[in-house]
There are 2 protein chains.
Amino acid sequence: MALTLGNENVFIRRLARAPIYTVSIKKVAKIAGVSISTVSRCLNSPERVRDTTLAAVQAAIAQTGYAPNALARNFRRGKTGLIMVVLQSVGLPFWEGVMRGINGVAQEEGYSILIRETASSPPELDDYCKMVISKEADGVIILASPSPFSTPSAYATSDRRIPIVLGCENVTDELAHIPSVRVDNRRAAFEATQYLLQLGHERIGFIAGSRSSLLTRDRERGYLDAMQASALGQNRAWVTNGDQSIEGARRATRKLLSLAEPPTAIFCANDEMAMACIYELKRNNLSVPQDVSVVGFDDTRYAAIMDPPLTTVVQPTEEIGERTMRRLLSAIEGRDIGQAPEFVEHRLIVRESTAPRQTAPGSTQDVGSTQDVDGSRQQIA
Amino acid sequence: MALTLGNENVFIRRLARAPIYTVSIKKVAKIAGVSISTVSRCLNSPERVRDTTLAAVQAAIAQTGYAPNALARNFRRGKTGLIMVVLQSVGLPFWEGVMRGINGVAQEEGYSILIRETASSPPELDDYCKMVISKEADGVIILASPSPFSTPSAYATSDRRIPIVLGCENVTDELAHIPSVRVDNRRAAFEATQYLLQLGHERIGFIAGSRSSLLTRDRERGYLDAMQASALGQNRAWVTNGDQSIEGARRATRKLLSLAEPPTAIFCANDEMAMACIYELKRNNLSVPQDVSVVGFDDTRYAAIMDPPLTTVVQPTEEIGERTMRRLLSAIEGRDIGQAPEFVEHRLIVRESTAPRQTAPGSTQDVGSTQDVDGSRQQIA
DNA sequence: TTGTAAGCGTTATCAG
DNA sequence: CTGATAACGCTTACAA
């Protein structure tokens with residue numbers, strides 16, 4: 001019996017090792033009694049084939065289970081059918097909508113999506129260009145944030161014909177000619193800050209994302225613009241670095257709270273940092289928005305069910321994805337897509353994490369556990 | 001001047017339309033004064049080439065900027081170098097770690113990752129098998145949840161040689177021979193429920209994920225096992241359907257609260273639903289954990305900064321990703337990887353969303369203490 | 001150590 | 001409407 005088992009194992013191993021049997025166009029042609037070009041035509045332009053021949057070929061295809069070899073087809077056509085999408089990490093809620101948009105168009109147009117995460121290895125534009133040149137992909141969409149490129153790229157500055165589009169992301173001036181689709185981050189941040197000013201806040205903190213990311217630096221500039229435009233002026237102490245991370249935002253919040261005159265409102269460069277900021281505020285027995293108002297950026301899927309629901313800047317993510325992809329496909333087809341950024345509309349969605357300064361607690365939707373309010377912050381001037 | 005502008009436009013258009021100029025191995029061979037096979041050898045086994053020749057070829061490569069055409073190489077080799085990863089949606093935090101694991105191994109072994117989102121189109125196993133047969137990918141990793149397959153698959157039951165591995169996901173009995181790497185969901189849910197029982201809770205609700213997903217159904221079974229094993233027994237009214245979504249979980253929570261004797265603890269089949277559950281509890285002026293304890297599943301990046309920080313089941317996501325990928329690569333290399341699930345360890349991480357039944361409010365200050373409660377590992381031969 | 005030449009599966013060109 | 005045939009760029013026996 002041990003012997004039988006042994007034999008069976010050998011048999012299974014053989015089976016597993018056997019190459020997957022593949023039918024080529026030749027066999028179909030032979031069975032259908034036609035030439036390989038006719039089979040090819042049946043697949044690619046069936047209207048140019050006589051009905052009876054078509055039927056015969058289709059029968060042969062069904063009989064053999066033939067499926068065209070994509071490797072050969074793509075090789076022959078000189079196209080990979082692949083779009084490389086570069087992002088920091090799969091699993092960040094913000095990209096959900098953008099990817100849905102990209103995928104929708106991709107599916108429509110017969111492309112597949114290649115994912116490249118930059119979380120591990122730093123993104124290098126040259127690498128992506130090389131991948132297009134070496135036909136690993138037909139084009140590149142860069143969503144990576146923060147800091148899309150650590151070094152300036154020879155390709156990017158010299159060779160305009162490599163199809164690359166940025167989604168959401170800004171880029172340093174030297175690479176400013178790379179086309180992008182995004183919101184006007186500076187303006188959106190300007191408006192969000194203005195909203196806090198209108199609520200009567202005077203000490204407004206800002207938690208910046210990664211300093212190396214132009215995207216979040218633009219949001220910082222928008223915030224500074226608004227402060228400058230107000231009577232209050234800029235105060236460098238109110239700008240802290242949240243480092244585009246949960247831990248960084250918590251640190252930044254603590255830093256803001258340690259100021260002699262801590263802010264009564266905090267604008268965070270994205271929702272995730274806003275979430276971390278609120279967490280840290282609560283830890284310090286401050287309520288949101290009674291003690292401190294908080295504004296985020298992105299409106300990710302969790303913004304509406306945070307406690308309190310987050311006031312934040314909405315980006316039309318799916319639209320960004322779609323337009324980025326369409327613009328890239330234009331470039332791939334050889335059209336001139338220019339280099340000007342394509343802007344999409346943002347808007348501020350007001351929920352319950354913001355309130356007028358010195359509002360009495362309980363005036364807004366009073367959700368769940370509000371903590372002791374009077375404690376630590378009498379010196380609100 | 002208008003004329004000049006017009007000319008410039010035409011020129012730019014020409015430039016943009018010009019095909020990307022590619023160098024092939026032929027040109028390198030000609031410049032280096034060798035044959036194309038020598039160039040090929042320099043690339044693939046340089047040790048079999050004389051030093052001087054190698055140098056000459058490398059010079060020619062540098063001079064021309066030659067990059068091997070991946071399309072041709074893959075075609076010739078009969079391998080795509082692509083792994084298709086199927087998941088419900090990019091942007092769901094749970095997949096972050098799993099994808100990091102997959103990507104890490106992929107990069108190491110020279111593979112790229114093709115993403116397929118099932119959010120839009122329902123996943124069909126046959127389609128994935130066809131993609132392997134038609135050489136669009138060398139293998140498939142299925143992470144999709146819920147409901148990986150809506151129809152039984154001919155390929156899956158007949159042809160064992162198509163490399164497919166499930167990550168995290170269970171699958172219906174008829175497809176049980178597809179190998180997987182995952183935690184023992186049933187056991188993990190059993191233990192989480194036991195923990196709530198140990199805290200003295202007697203009315204424990206369960207918010208299930210998608211009913212069509214075996215994965216979450218296994219968690220439900222684990223919950224029911226634990227209730228059955230206790231003196232309390234099962235109560236069908238405490239099991240509600242959260243539909244694997246934020247909205248669904250909110251509905252389910254409301255349903256639980258509307259019971260004559262609402263639960264004092266709720267176990268949610270994943271963190272996202274737990275977040276929605278807590279949100280809804282607070283909306284109804286209940287505090288967590290004073291009034292109701294909540295347990296999640298997954299330990300996503302936001303679990304620790306929710307309010308309150310969430311007690312949840314941790315899965316070693318990166319390890320799952322790595323092992324899933326390695327197992328798939330074994331299959332691709334023709335080894336027999338068997339069909340038994342490979343189990344990885346889970347553990348319950350206790351934070352502040354759970355408390356003994358009837359705890360007096362206000363005892364929440366003990367922050368930051370997290371402890372591992374349980375671990376398990378088993379291997380099925 | 002190097003060169004010659006066959007061939008991977010498909011599409012495209014051009015006769016018939 | 002159909003068939004023969006030449007590529008596409010690369011790898012790999014095999015020959016020199």
Side-chain angles (χ1 to χ4, degrees), chain A residues 19-58 60-61 64-81 110 130-138, chain B residues 19-58 60-61 64-81 110 130-138:
Chain A
I20 297 179
Y21 179 68
T22 56
V23 227
S24 87
I25 205 173
K26 265 184 202 157
K27 176 159 227 163
V28 176
K30 178 174 270 180
I31 291 183
V34 297
S35 73
I36 59 166
S37 18
T38 299
V39 177
S40 177
R41 250 188 305 263
C42 287
L43 264 47
N44 300 307
S45 39
E47 71 281 0
R48 308 189 72 81
V49 177
R50 195 194 298 157
D51 284 357
T52 53
T53 338
L54 183 59
V57 169
Q58 280 169 341
I61 287 175
T64 54
Y66 166 75
N69 183 324
L71 236 29
R73 168 179 293 184
N74 293 337
F75 166 52
R76 178 60 234 242
R77 290 183 175 161
K79 284 197 58 175
T80 63
K130 269 180 200 139
M131 293 188 69
V132 172
I133 290 174
S134 66
K135 307 272 191 193
E136 293 180 66
D138 295 332
Chain B
I20 297 179
Y21 179 69
T22 56
V23 226
S24 87
I25 204 172
K26 266 185 202 158
K27 177 158 225 165
V28 176
K30 177 174 270 180
I31 290 182
V34 297
S35 74
I36 58 167
S37 31
T38 300
V39 177
S40 176
R41 252 187 304 263
C42 288
L43 264 46
N44 299 307
S45 39
E47 72 280 0
R48 308 189 72 80
V49 176
R50 196 195 297 157
D51 283 356
T52 53
T53 339
L54 183 60
V57 169
Q58 280 169 340
I61 287 175
T64 53
Y66 166 75
N69 182 325
L71 236 28
R73 170 178 292 186
N74 293 337
F75 166 53
R76 180 61 234 249
R77 289 182 175 163
K79 284 197 58 176
T80 63
K130 270 181 200 139
M131 294 188 68
V132 172
I133 290 175
S134 67
K135 306 272 190 193
E136 294 180 66
D138 295 333

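Every chain is numbered from 1 and lettered A, B, ... according to where its sequence line falls, protein lines coming before strand lines.
- Across all their heavy atoms, B/Tyr66 and B/Ser24 have their closest contact at CE1-C, 3.7 Å.
- Nearest to the side chain of A/Ser37, among C/dG9, D/dT5, D/dC8, sits D/dT5.
- Picking from C/dT1, D/dT2, C/dT11 the nucleotide with the shortest atom distance to the side chain of A/Ile25 gives C/dT11.
- Going from atom CG of A/Asn74 over to atom P of D/dG9 covers 15 Å, rounded to whole Å.
- On a pure distance criterion of 3.5 Å, no polar donor-acceptor pair joins the side chain of A/Ser40 and the base of C/dA12.
- A/Leu43 places its CG atom 7 Å from the P atom of C/dT11, with the value rounded to the nearest Å.
- For the pair B/Arg41 CZ and D/dC10 P, the computed distance is 15 Å after rounding to whole Å.
- Summarising the geometry, the separation between CG on B/Leu54 and C1' on C/dT2 is reported as 14 Å, rounded to the nearest angstrom.
- Taking side-chain N and O atoms only, A/Asn69 has no distance below 4.0 Å to OP1 or OP2 of C/dC8.
- If you take CG of B/Leu71 and C1' of C/dG9, they are 13 Å apart, rounded to a whole angstrom.
- Between the CG atom of A/Asp51 and the P atom of D/dC1 there is a distance of 9 Å, given to the nearest Å.
- Contact annotation: A/Thr53 side-chain N/O to D/dT2 OP1/OP2 distance is under 4.0 Å.
- Summarising the geometry, the separation between NZ on B/Lys26 and C1' on C/dT4 is reported as 14 Å, rounded to the nearest angstrom.
- Residue A/Arg76 places a side-chain atom within donor-acceptor reach of the base of C/dT11, judged by atom type and a 3.5 Å distance cut-off alone.
- For C/dT1, the base has no donor-acceptor partner in the side chain of B/Thr38 [N/O atoms by modelled type, under 3.5 angstrom].
- When the side-chain nitrogen and oxygen atoms of B/Arg73 are compared with OP1 and OP2 of D/dT11, one or more of them lie within a distance under 4.0 Å.
- When the nucleotides C/dG3, D/dG3, D/dT11 are ranked by their closest atom to the side chain of B/Arg77, D/dT11 comes out on top.
- Atom OG1 of B/Thr80 is separated from atom CE of B/Met131 by 9.5 Å, given to the nearest 0.5 angstrom.
- Heavy-atom minimum distance, A/Val49 versus A/Arg41: CG2-CB, 3.9 Å.
- Nearest approach of B/Asn74 to A/Leu71, heavy atoms of both residues: O-CD2, 3.6 Å.
- Where B/Ser35 and B/Phe75 meet DNA chain C, the nucleotide closest to each residue was compared, and B/Ser35 sits on the side nearer the 5' end.
- Residue B/Ile36 is in base contact, counting any heavy-atom pair closer than 4.0 Å across all strands shown.
- OP1 or OP2 of D/dT11 has at least one side-chain nitrogen or oxygen of B/Asn44 nearer than 4.0 Å.
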